[in-house]
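Presented below is the structure to which this report refers.
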Amino acid sequence: MRSMLALAAEPCRYVLYGGITCPFTHRAMLARCLRGLESQVRQVLARPVPGPTGWEFDASGGKHADPVIGARCLQDIYLADDAGFHGRPSVPVLWDAEDSRIVSHDSRQIVLLFNEHPQARGADLYPSGQRERIDADVAGFDADFVGAIIRAGSTGSQAEYEQAVQRVFGWLDALDARLAGQRYLGGASPDLADLVTFTGLVRFDSCYYFGSRCHLRRVQDYPNLWGYLRDIYQLPGIAATVDLDAFRKSFFTTSPAGRDGVIPLGPDMDLTTPHGREVLAAAQA
Ligand SMILES: N[C@@H](CCC(=O)N[C@@H](CS)C(=O)NCC(=O)O)C(=O)O
């Protein structure tokens with residue numbers, strides 16, 4: 001899909017609203033960062049765990065306040081765009097502060113808009129010669145990883161559970177093998193498929209491994225996946241998009257595994273240790 005819209009090069013005109021624990025918001029945050037748009041697109045994050053009215057903002061000031069339109073909950077942003085809005089709002093939302101309207105509330109479209117921003121820096125996240133492969137990678141991630149994890153964590157059938165877990169680890173095993181000889185999924189620089197994959201891998205050991213009963217192996221047990229995860233985490237600005245405590249709290253607050261309100265501790269996971277994967281990029285250049 002190509003975005004039909006285009007963003008203008010006007011600093012602070014656009015605002016990315018989201019929740020740091022939402023994997024779809026995470027895709028947009030990563031694209032904003034990898035394309036160097038921090039000074040072009042403001043970012044306003046709701047409280048990390050949705051409350052009674054869904055995604056909520058602090059009332060006045062603070063880390064999770066909305067200084068742009070003063071929204072108290074996500075619905076306020078949709079109502080500011082359309083006073084007759086009656087649907088179910090979702091994050092992320094890209095807001096145009098000049099025209100007071102929502103540009104998009106679709107994470108993929110937002111990623112592509114950021115990618116095509118006139119002030120974007122760094123490597124193209126959706127290069128024309130690689131789009132088919134990127135779309136296939138994202139589709140595989142959605143079905144064989146996310147979809148199978150959800151099924152493994154929610155089914156009451158032993159056979160369906162085992163099938164789902166095998167599917168998750170079949171996908172992880174294949175990805176680990178593929179990343180043995182190349183730094184990123186498309187080669188020497190991260191693209192849209194890498195950023196989508198990162199959102200899942202970075203949550204796996206803390207959330208899905210235990211919470212979705214996918215505990216054959218951790219990402220930390222895979223030599224290539226573990227290095228790949230740390231590699232992307234250590235790219236400039238990416239660490240600020242990751243809050244493992246908040247991911248875990250949100251996941252266990254909203255999933256069947258956390259029904260008694262207890263949030264599991266750990267695991268210890270140091271994403272800052274050297275990954276050594278630069279040599280793979282050098283080998284390909
Ligand atoms: N199609 C949307 C889906 C995003 C989505 O599902 N966001 C979730 C949070 S991760 C949400 O806001 N759901 C609304 C709700 O929970 O009420 C996109 O890809 O941008």
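Whatever order the structure lists them in is the order used to number ligands and atoms, beginning at 1.
A side-chain hydrogen bond (donor to acceptor under 3.5 Å, both in side chains) with Thr241 is found for exactly one of Arg32, His26, Gln43, namely His26. Exactly one residue among Asp135, Asn115, Asp191 makes a side-chain hydrogen bond (donor to acceptor under 3.5 Å, both in side chains) with Tyr126. That residue is Asp135.
Selection from Ser90, Ser250, Pro92 by nearest heavy atom to atom 13 (N) of ligand 1 gives Ser90.
Counting only heavy atoms from C-beta outward, the side chains of Ser100 and Trp95 approach each other to under 4.5 Å.
In this structure, atom 14 (C) of ligand 1 lies nearest to the protein heavy atom Pro89 O, 3.3 Å. Protein heavy atom at the shortest distance from atom 12 (O) of ligand 1 is Val91 N, 3.0 Å. Counting protein heavy atoms only, atom 15 (C) of ligand 1 is closest to Arg88 NH2, 3.4 Å.
Numbered from 1 in the order shown, with element, the atoms of ligand 1 that lie under 4.0 Å from a heavy atom of Asp106 read 20 (O). Close contacts between ligand 1 and Cys22 involve ligand atoms 7 (N), 9 (C), 10 (S) [criterion: under 4.0 Å to a heavy atom]. Which parts of ligand 1 touch Trp55 is read off a 4.0 Å heavy-atom cut-off, strictly below it: atoms 9 (C), 11 (C), 12 (O). Under a 4.0 Å criterion applied to the non-hydrogen atoms of Ser107, ligand 1 contributes the atoms 18 (C), 19 (O), 20 (O).
Geometrically, Arg108 does not engage Phe24 in a cation-pi contact defined by less than 6.0 Å to the ring centre and at most 45° from the axis.
With a 4.0 Å cut-off on non-hydrogen atoms, Pro50 does not touch ligand 1 at all.
Here Tyr228 and Phe198 keep their ring centres 6.0 angstrom or further from each other. Aromatic rings of His105 and Tyr17 (six-membered ring for Trp) have centroids beyond the 6.0 Å cut-off, not under it.
Contact annotation: Ala28 has no heavy atom less than 4.0 Å from any atom of ligand 1. By the 4.0 Å heavy-atom criterion, His105 is counted among the residues contacting ligand 1.
Ion pairing between Arg72 and Asp66 fails under the 4.0 Å rule for side-chain N and carboxylate O. For the pair Lys63 and Asp58, the salt-bridge criterion is not met [side-chain N within less than 4.0 Å of a carboxylate O].
Not a single N or O atom of Phe24, backbone or side chain, sits closer than 3.5 Å to an N or O atom of ligand 1.
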